[in-house]
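The structure appears right after this line, and notes come after that.
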Amino acid sequence: MMQAEIKLPQKVQQIIEALESGGYEAYAVGGCIRDSLLGRKPEDWDITTSAKPEEVKNIFNRTVDTGIQHGTVTVLLGNEGFEVTTYRIDGKYEDGRHPREVVFTPNLKEDLKRRDFTVNAMAYSEKEGLIDLFDGAGDLKRGIIRCVGDAKERFREDALRMMRGVRFGAQLGFSMEENTKEAIRELAGTLSKISAERIQTELVKLAVSDHPEEVRTLYETGLTAVFLPEFDAMMDTEQRNPHHRYTVGEHTMAAMAQVRGEKVLRLAMLFHDVAKPVCITTDEEGIHHFHGHPKVGKEMTRKILRRLKFDNDTVQRVCTLVAGHDDNPPVTLRNVRRAMVRIGVEAFPDIFEIKRADILAQSSYRRQEKLDYLKAYEACYREIIKSRQCLSIKELSVNGRDLMELGIPAGPGLGEVLSRLLELVIEEPERNTREYLLQMAKEYSIL
Ligand code: ATP
Ligand code: MG
């Protein structure tokens, strides 16, 4: 057998045994079984039981009513919490999002039937071994994402499952079973019933996975058309230009795969060329150009990320990288210092990762030249860091108090003088002396 053994953590075993001693059935279930069989370390262990929530609470000393109306109680053991959920059947779905009611059931089979994909619908306990009613283990071996039961019915119940299916495919490197995929094609439009927050969660999980290029499946099935039509436009945009060999969309996916699986980097790659479809022009030789696309792209990215309800910090960081991805200043210490201040010292090293990914996803035309440039750019950056050149107001050799002693009153005016002093020092680091800066501050304050 190729599949790995399931080894329940001691605390999970302890919870299952306590429920069994109380006369109930209990199993580890869902993602943890899937991941164990794949030899991956599960993120968390969920437990399913025939005990009702009140009964679960009677057995354990410390519990939290996390989702008691859905039958979920969190059992606390030491500093860890485990979700214990009563076997349930989801009542009728009326809106493609939420079951109207949940009904508890004494039957494990009923509980497994309501789950989304075969690979997510297995349960295990030491006493009973693996319970696999839908050949989830077979699908794991074959590398297939397949709905439990009738795919269309399952997606009509809950449209988010379509996003989840593609996302699991990207995380596991699996392909989608044809019926399941066909059902998504047919029902993709119903994703519009799902909240932006929940779509965001799935998009991010897909984007940071080992297969970010699975965005393609979102596109092919018609899901991006619902929540990210800007991506469809990228797929439709050719790049007739020697620097490129792909459409904007294909280039985007290739570039995503070249950066680390980190949220901001992957999103920045996803959106770095988002404005190309609207910035495209064709010159007299028939060559495409995309002037201004980083700047327009930044605004489009902001709009898209807000629409998908991303937090401000993420929006800010992604937009900064999108705006800066195509800056190619001549490599001088002064230019690089300016770029560092503009982009922010924290985010700056990401620029190299992004630019490198962008280059590697282009054609091989002048590739070496581009990589050499990037190398020089990065060396210059390292030099600035190593010699600790001043890049912020707090590194100036004068501070606000010094300026107040010169008679400049506290307030925005003082902040402005400090900013202007910083600009002088960014231009010429040798200027960062008390004497020079106090002199300049005096001149500014007179003006
Ligand atoms: P991950 O935690 O990586 O997202 P997971 O498989 O643990 O993967 P969860 O969202 O934590 O997914 O859900 C736990 C289990 O609950 C799933 O394995 C699946 O059996 C079931 N499940 C979750 N969401 C749905 C859904 N929308 N429809 C049907 N079953 C679901
Ligand atoms: Mg989980």
Side-chain angles (χ1 to χ4, degrees), residues 6 9 12 27-38 40-49 66-67 70-74 80-93 95-100 102-103 105 108-124 130-137 139-140 145-174 180 183-184 187 190-191 193-195 197-211 214 223 261 263:
I6 300 173
V12 174
Y27 297 86
V29 70
C32 60
I33 304 305
R34 175 198 69 217
D35 290 344
S36 296
L37 290 176
L38 288 170
R40 298 179 170 214
K41 194 175 176 309
E43 294 236 339
D44 41 36
W45 291 80
D46 295 326
I47 293 158
T48 187
T49 180
T66 16
H70 304 112
T72 303
V73 171
T74 298
E80 283 180 279
F82 297 88
E83 293 200 344
V84 177
T85 305
T86 305
Y87 293 167
R88 61 178 222 221
I89 306 171
D90 294 337
K92 273 226 171 325
Y93 283 78
D95 57 358
R97 279 181 299 177
H98 309 291
R100 199 175 56 169
V102 301
V103 182
T105 165
L108 172 64
K109 180 173 181 186
E110 294 295 329
D111 182 86
L112 295 178
K113 260 171 71 182
R114 69 155 174 102
R115 293 174 185 270
D116 45 10
F117 302 102
T118 60
V119 295
N120 285 347
M122 293 179 276
Y124 174 87
L130 183 68
I131 311 292
D132 178 13
L133 305 174
F134 314 104
D135 197 24
D139 284 343
L140 276 185
I145 300 295
R146 178 161 59 103
C147 281
V148 172
D150 182 68
K152 282 183 204 157
E153 207 174 292
R154 306 317 308 281
F155 295 142
R156 277 199 200 99
E157 288 168 353
D158 179 0
L160 184 71
R161 288 174 185 156
M162 298 187 285
M163 287 292 292
R164 283 174 58 87
V166 181
R167 181 262 287 190
F168 285 120
Q171 286 178 324
L172 302 173
F174 284 16
T180 302
I184 301 182
L187 295 167
T190 62
L191 186 69
K193 297 182 219 173
I194 299 296
S195 72
E197 289 84 350
R198 297 175 83 200
I199 292 173
Q200 181 212 115
T201 303
E202 296 303 323
L203 177 66
V204 168
K205 285 183 177 180
L206 185 153
V208 303
S209 74
D210 284 351
H211 296 279
E214 278 297 303
L223 290 168
K263 181 166 89 168

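Everything quoted here is computed from the prediction, not taken from an experiment. Read the numbers this way: they start at 1 and go in the same order the structure lists the ligands and their atoms.
- Per-residue contacts place Arg161 under 4.0 angstrom from the following atoms of ligand 1 (heavy atoms of the residue considered): 26 (C), 27 (N), 28 (N), 29 (C).
- Taking a cut-off of under 4.0 Å to the non-hydrogen atoms of Gly30, the atoms of ligand 1 that pass are 18 (O).
- With atom 17 (C) of ligand 1 as the reference point, the heavy atom nearest to it among Arg34, Lys205, Arg164 is part of Arg164.
- Under the 3.5 Å distance criterion, the side-chain polar atoms of Asp111 are matched with a main-chain donor or acceptor of Arg88.
- Heavy atoms of Phe117 come nearer than 4.0 angstrom to ligand 1 in no pair at all.
- The shortest contact between atom 15 (C) of ligand 1 and any protein heavy atom is with Arg115 NH1, 3.7 Å.
- The side chain of Arg167, and not its backbone, has at least one atom closer than 4.0 Å to an atom of ligand 1 (non-hydrogen atoms only; side chain from C-beta on).
- Proximity of Arg114 to ligand 1 is established by a heavy-atom distance of less than 4.0 Å.
- Salt-bridge check for Glu202 with Lys205: failed, with every basic side-chain N at 4.0 Å or more from each acidic carboxylate O.
- Rounded to the nearest 0.5 Å, atoms CE (Met163) and CG (Leu203) are 5.5 Å apart.
- Heavy atoms from other residues, nucleotides or ligands lying under 6.0 Å from NZ of Lys193 number more than 12.
- The protein atom (non-hydrogen) at minimum distance from atom 7 (O) of ligand 1 is Gly31 CA, 3.7 Å.
- Among protein heavy atoms, the minimum distance from atom 11 (O) of ligand 1 is reached at Asp46 OD2, 4.4 Å.
- Heavy atoms of Asn120 found under 4.0 angstrom from ligand 1 belong to the backbone as well as the side chain.
- When hydrogens are left out, the protein atom nearest atom 30 (N) of ligand 1 is Asp116 N, 3.2 Å; that is the closest non-hydrogen contact.
- Looking only at distances, no side-chain donor or acceptor of Arg34 sits under 3.5 Å from a matching main-chain atom of Ala121.
- Heavy-atom separations between Glu43 and ligand 1 are all 4.0 Å or longer.
- Other residues, nucleotides and ligands contribute only 12 or fewer heavy atoms inside 6.0 Å of the CD atom of Glu43.
- Ligand 1 has Asp158 within reach: a non-hydrogen atom of the residue lies less than 4.0 Å from it.
- Under a 3.5 Å cut-off, the side chain of Asp116 and the backbone N or O of Arg161 do not form any donor-acceptor pair.
- Looking at Arg154, its side chain does come within 3.5 Å of a backbone N or O of Val148 through a donor-acceptor pair.
- Side chain to side chain, Thr74 and Thr66 meet the donor-acceptor criterion of an N or O pair below 3.5 Å.
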